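This report refers to the structure that appears directly beneath it.
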Amino acid sequence: MSKKYVSERELSGYSGIAVRTLQGWRMRNQGPPWRKFCGAVRYDLVAFESWASGQPGGGGIGEVQRVA
């Protein structure tokens with residue numbers, strides 16, 4: 001995406017996070033940072049990427065536990 005600010009629907013398509021999940025997070029003051037412009041909710045993609053990179057991850061290559 002070449003835009004800096006995107007709508008909920010655009011962020012949902014970009015991230016795979018459901019629009020309803022984004023809305024719920026926003027109502028609970030959780031999730032990625034957002035702004036309102038003339039009543040329209042917009043997400044800053046740079047801020048979203050920063051927020052997303054700080055979230056817990058898993059499934060990476062690393063220690064493999066073996067059962068003996």
Side-chain angles (χ1 to χ4, degrees):
M1 288 187 175
S2 61
K3 294 191 235 178
K4 179 173 177 157
Y5 288 98
V6 297
S7 69
E8 291 174 326
R9 184 170 288 173
E10 290 171 312
L11 184 63
S12 177
Y14 175 77
S15 66
I17 300 169
V19 170
R20 297 289 287 173
T21 299
L22 293 168
Q23 292 169 343
W25 284 345
R26 201 171 60 250
M27 295 301 123
R28 292 187 304 275
N29 250 354
Q30 298 174 330
W34 55 276
R35 300 220 182 260
K36 250 188 180 177
F37 298 104
C38 299
V41 173
R42 296 292 181 257
Y43 291 88
D44 179 335
L45 285 178
V46 174
F48 172 77
E49 290 294 339
S50 177
W51 172 83
S53 68
Q55 298 306 300
I61 300 172
E63 294 181 35
V64 177
Q65 295 180 351
R66 298 180 189 253
V67 178

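Quick caveat: nothing in here was measured; it's all calculated off a predicted structure.
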* In chain order, what residues pass the side-chain hydrogen bond (donor to acceptor under 3.5 Å, both in side chains) check against Ser50, with sequence neighbours excluded? -> none
* To do: Could you tell me whether Arg28 atom CZ has more than 12 heavy atoms of other residues or ligands within 6.0 Å of it?
  => yes
* Decide yes or no for Pro32 and Leu22: does some side-chain heavy atom of the first lie under 4.5 Å from some side-chain heavy atom of the second? => yes
* Asked: In terms of hydrophobic clustering (I, L, V, M, F, W, Y; side-chain heavy atoms under 4.5 Å; direct or indirect links), are Trp34 and Leu45 co-clustered?
  -> yes
* **Closest approach of Val19 to Arg9 (non-hydrogen atoms, all atoms of both residues)** => CG2-CA, 4.0 Å
* Distance, nearest 0.5 Å, that separates CZ of Arg42 from CD of Glu10 -> 7.0 Å
* Asked: So if you build clusters from Ile, Leu, Val, Met, Phe, Trp, Tyr with side-chain heavy-atom gaps below 4.5 Å, do Tyr43 and Ile17 land together?
  -> yes
* Asked: Less than 4.5 Å apart, any side-chain heavy atom of Phe48 and any of Val6?
  -> no
* Asked: Same hydrophobic cluster for Tyr5 and Trp25, using side-chain heavy-atom links shorter than 4.5 Å among ILVMFWY?
  -> no
